[in-house]
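Written below as structure tokens is the structure these notes are about.
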Amino acid sequence: MPIACVATRASHGVEAPLVQVEVHLSNGLPAFSLVGLPEASVKEAKERVRSALINAGFEFPMRRITVNLAPADLPKQGGRYDLPIAIGILAASKQIPIESIKHHEFVGELALSGQVRHCPGLLPVIVEASKLNRTLVLPVENREDAELVGFENVRFATHLQSLAAYLHGQSQLPSIDLNLQWLSQDSEPLSCMSDVVGQHQAKQALEIAAAGNHNLLMLGPPGTGKTMLASRIMKLLPQLAYEEALEVAAIHSVAGHDIKPANFYRRPFRSPHHTCSAISLVGGGAQPKPGEISLAHRGVLFLDEVAEFPRKVLDCLREPMETGEVSISRAAAKLTFSSRFQLIAAMNPSPCGDTDNGRSSPEQIQRYLAKLSGPFLDRFDLTIDVPKLPLGALNSSNHQAETSEEIAKRVNLAREKQLARSGILNSQLSGKQLNTDGQFNSNDLLFLEQSVNQLGLSVRSYHRIQRVARTIADLQQQECVTRAHIAQALGYRAMDRLLATLSKQ
């Protein structure tokens with residue numbers, strides 16, 4: 001029977017569900033029908049496949065061709081179906097052995113000449129194929145994606161003619177080089193914390209944030225080094241584990257971004273402009289794609305001039321910051337993207353830049369700060385002042401300043417201590433885990449509760465202060481949390497102090 005079935009994979013968020021390309025040749029007037037919920041880019045495959053087969057020297061069957069992409073209820077988009085459709089037509093017309101395509105999966109876009117072109121977002125395809133240990137045929141330009149996964153049953157196609165020769169058993173297609181030493185190469189150098197003059201409290205807060213994966217908000221006049229400090233947190237964080245790095249790379253691949261091999265283990269750092277929309281920040285679109293919060297998964301999302309972001313855009317971050325994922329519902333599909341990121345934000349304390357210059361009244365400052373909703377501010381574990389440098393600080397010697405490597409050693413020890421105790425970092429501890437693993441004294445917790453009531457903070461802030469205090473104790477390699485640690489954690493509430501001061505004026 002002139003029918004062939006070719007396996008390929010669709011794109012469905014960070015998943016790659018299996019798709020069967022069924023090709024049937026029947027008698028009748030020559031026609032080419034493509035069914036199975038194809039988008040416009042897939043429907044155009046008919047013309048690309050026809051020209052590619054003819055220009056590659058194959059015979060295009062002058063019969064009625066029906067191509068079904070199953071399952072029929074899964075939307076298909078992109079040029080990745082060109083190659084499996086062409087292979088299906090060749091197999092159904094007996095130009096290649098139909099037995100040769102068994103236990104194979106094919107993904108690739110075709111040029112009119114028959115050349116196999118690069119396809120974006122194939123990393124999830126390679127991961128899924130590796131789980132089933134099926135031979136996967138990819139464009140040669142996707143070699144770096146395959147080498148990231150290290151799946152040896154990958155074959156790279158450059159042209160339909162060489163692929164047909166491989167399926168006839170007349171030649172071999174190139175595979176990956178399993179020597180992955182390039183993954184451990186040093187990436188681009190990061191800036192060092194010793195470059196920052198002064199700001200000892202801000203550096204200490206950044207160290208605590210890095211150690212416990214806490215969210216941090218920096219308040220300060222323009223030019224005090226807030227952006228400079230935020231960019232240097234990356235050197236304090238440990239590298240990703242292989243499974244985590246592959247998870248991050250899959251999200252970037254689906255979004256159409258390539259990760260350089262040298263940066264494979266580096267945590268992502270995303271810094272969107274304050275004019276970005278809610279869709280670009282959270283994700284979405286007609287065909288849902290990951291947003292900035294998902295691209296920052298297992299890394300840092302830095303929002304500079306956070307008060308300039310629209311309030312409704314910032315409030316979109318509240319649920320993902322709590323759950324670690326974002327669900328995007330559209331008519332075509334409902335997709336879930338991971339978004340477990342660390343939020344670092346910076347802003348001026350006043351619309352004119354500084355509260356001390358007298359250009360803005362308390363009412364104007366309150367209206368400016370009201371751009372950040374209370375529930376959004378509640379998500380920050382630490383809020384700190386980044387003041388102007390004292391006179392003479394710029395010309396003083398900075399040789400005694402700690403380097404990022406020295407701080408990173410303490411951060412790594414503290415993170416190892418947290419993982420050994422609870423299996424998670426302190427920022428993810430639940431209220432029950434704080435009671436069982438936190439090792440707080442009951443009198444100290446009563447002191448904290450009284451302080452929270454006096455400051456008018458929420459229950460969420462009560463737990464966040466506990467987590468910060470636990471991280472401070474871990475940085476000092478102490479088993480129990482003392483009142484000094486709680487007092488220090490209460491000191492990192494600069495926004496609460498600023499709002500309390502303005503309310504009294």
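Everything numeric here is computed off the predicted structure, so don't read it as measured data. Below, each value reflects all heavy atoms present in this structure, side chains not excepted, and no hydrogens, waters or symmetry copies.
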- Query: Do the side chains of Glu292 and Cys276 get nearer than 4.5 Å, heavy atoms only?
  - Reply: no

- May I ask you to decide if Val42's main-chain N or O and Lys76's side chain share a donor-acceptor pair within less than 3.5 Å? no

- Between Gln418 and Asn426, is there a donor-acceptor pair closer than 3.5 Å when you use the side chain of the first and the backbone of the second? yes

- So, the side chain of Thr135 versus the backbone of Asn153: is there a donor-acceptor pair under 3.5 Å, distance only? no

- Message: When you compare the side chain of Met347 with that of Leu369, does any pair of heavy atoms fall below 4.5 Å?
- Response: yes

- Message: Show the nearest heavy-atom pair for residues Arg232 and Cys192, with the distance to one decimal.
- Response: NE-O, 2.8 Å

- Task: Could you tell me whether the side chain of Asp145 and the main chain of Leu123 form a donor-acceptor pair under 3.5 Å?
- Result: no

- Query: Do the ring planes of Phe269 and Phe302 sit parallel (below 30°), tilted (30 to 60°) or perpendicular (above 60°)?
  - Reply: parallel

- Task: To the nearest 0.5 Å, tell me how far Arg493 CZ sits from Thr383 OG1.
- Result: 5.5 Å

- Is the Phe376 ring parallel, tilted or perpendicular to the Phe380 ring (thresholds 30°, 60°)? perpendicular

- Message: If the test is salt bridge (Lys or Arg N to Asp or Glu O under 4.0 Å), which one of Arg415, Arg421, Lys417 qualifies with Asp474?
- Response: Arg421

- Message: Under a 4.0 Å threshold between the charged nitrogen and the carboxylate oxygen, would Glu402 count as salt-bridged to Arg410?
- Response: yes

- Taking it one step at a time, do Leu445 and Tyr462 satisfy side chain to side chain contact (heavy atoms under 4.5 Å, CB included)? CA-CA 10 Å; Leu445 288 178; Tyr462 171 77; 3.9 Å; yes

- Main-chain N/O of Gly220 paired to Lys226 side chain as donor or acceptor, under 3.5 Å: yes

- Can you tell me if Ser339 and Ser294 form a side-chain donor-acceptor pair at under 3.5 Å? no

- Task: Assess Arg483 against Phe447: is NZ or CZ under 6.0 Å from the centre of the six-membered ring, and within 45 degrees of the ring's axis?
- Result: yes

- Query: Among side-chain atoms of Gln488 and Tyr492, is any donor-acceptor pair under 3.5 angstrom?
  - Reply: yes

- Message: Could you check whether Arg117 pairs with Asp82 (Lys NZ or Arg NE/NH1/NH2 to Asp/Glu carboxylate O, under 4.0 Å)?
- Response: no

- Task: Begin from the C-alpha positions of Glu128 and Glu105 and carry the test side chain to side chain contact (heavy atoms under 4.5 Å, CB included) through to its verdict.
- Result: CA-CA 11 Å; Glu128 291 298 325; Glu105 294 181 9; over 6 Å; no

- Message: I'd like to know if the side chain of Ser41 and the backbone of Gly78 have a donor-acceptor N/O pair within less than 3.5 Å.
- Response: yes

- Which heavy atom in Leu429 sits nearest to a heavy atom in Leu434, and how many Å separate them? CD1-CD2, 3.9 Å

- Query: With distance as the sole test, does Arg9 use its side chain to make a donor-acceptor pair with the main-chain N or O of Ala16 at under 3.5 Å?
  - Reply: yes

- Would you find more than 12 non-hydrogen atoms of other residues, nucleotides or ligands less than 6.0 Å from Lys371 atom NZ? yes

- Message: Looking at Tyr242 and Val149, would you say the former's side chain and the latter's main chain have a donor-acceptor pair under 3.5 Å?
- Response: yes

- List the steps, then state whether side chain to side chain contact (heavy atoms under 4.5 Å, CB included) holds for Leu37 with Leu74. CA-CA 7 Å; Leu37 210 58; Leu74 178 68; 6.0 Å; no

- Message: Could you measure the distance from the CG atom of Leu219 to the CE atom of Met495? Nearest 0.5 Å is fine.
- Response: 4.5 Å

- Query: Under 3.5 Å, is there a donor-acceptor pair linking the side chains of Asp378 and Ser461?
  - Reply: yes

- Task: Report the distance from atom OG of Ser327 to atom CD of Glu319, rounding to the nearest 0.5 Å.
- Result: 10.5 Å

- Query: Between Arg464 and Glu322, is there a side-chain N and carboxylate O pair less than 4.0 Å apart?
  - Reply: yes

- Verify the neighbour count for atom NE2 of His103: are there more than 12 heavy atoms of other residues, nucleotides or ligands below 6.0 Å? no

- Query: Roughly how far, to the nearest 0.5 Å, is the CZ atom of Arg379 from the CG atom of Leu217?
  - Reply: 14.5 Å

- Smallest separation among heavy atoms of Leu18 and Thr8, with atom names: CD1-O, 3.4 Å

- Message: For a 4.5 angstrom cut-off between non-hydrogen side-chain atoms, does Pro272 reach Leu281?
- Response: yes

- Mind checking the OG-CG spacing from Ser253 to Asn142? Nearest 0.5 Å is all I need. 8.0 Å

- May I have all residue pairs that pass side-chain hydrogen bond (donor to acceptor under 3.5 Å, both in side chains) and include part of residues 301-313, sequence neighbours excluded? Thr227-Asp304

- Message: Using modelled atom types and a 3.5 Å cut-off, is there a donor and acceptor pairing between side-chain atoms of Arg143 and backbone atoms of Ser175?
- Response: yes

- Do side-chain atoms of Glu141 reach the backbone of His118 as a donor and acceptor pair under 3.5 angstrom? yes

- Task: Starting from the C-alpha separation in whole Å, work towards a yes-or-no answer on side chain to side chain contact (heavy atoms under 4.5 Å, CB included) for Val481 and Gln439.
- Result: CA-CA 6 Å; Val481 180; Gln439 299 184 5; 5.5 Å; no

- Item | Nearest-0.5 Å distance, OG1 of residue Thr501 to CG of residue Asp496 | 10.5 Å

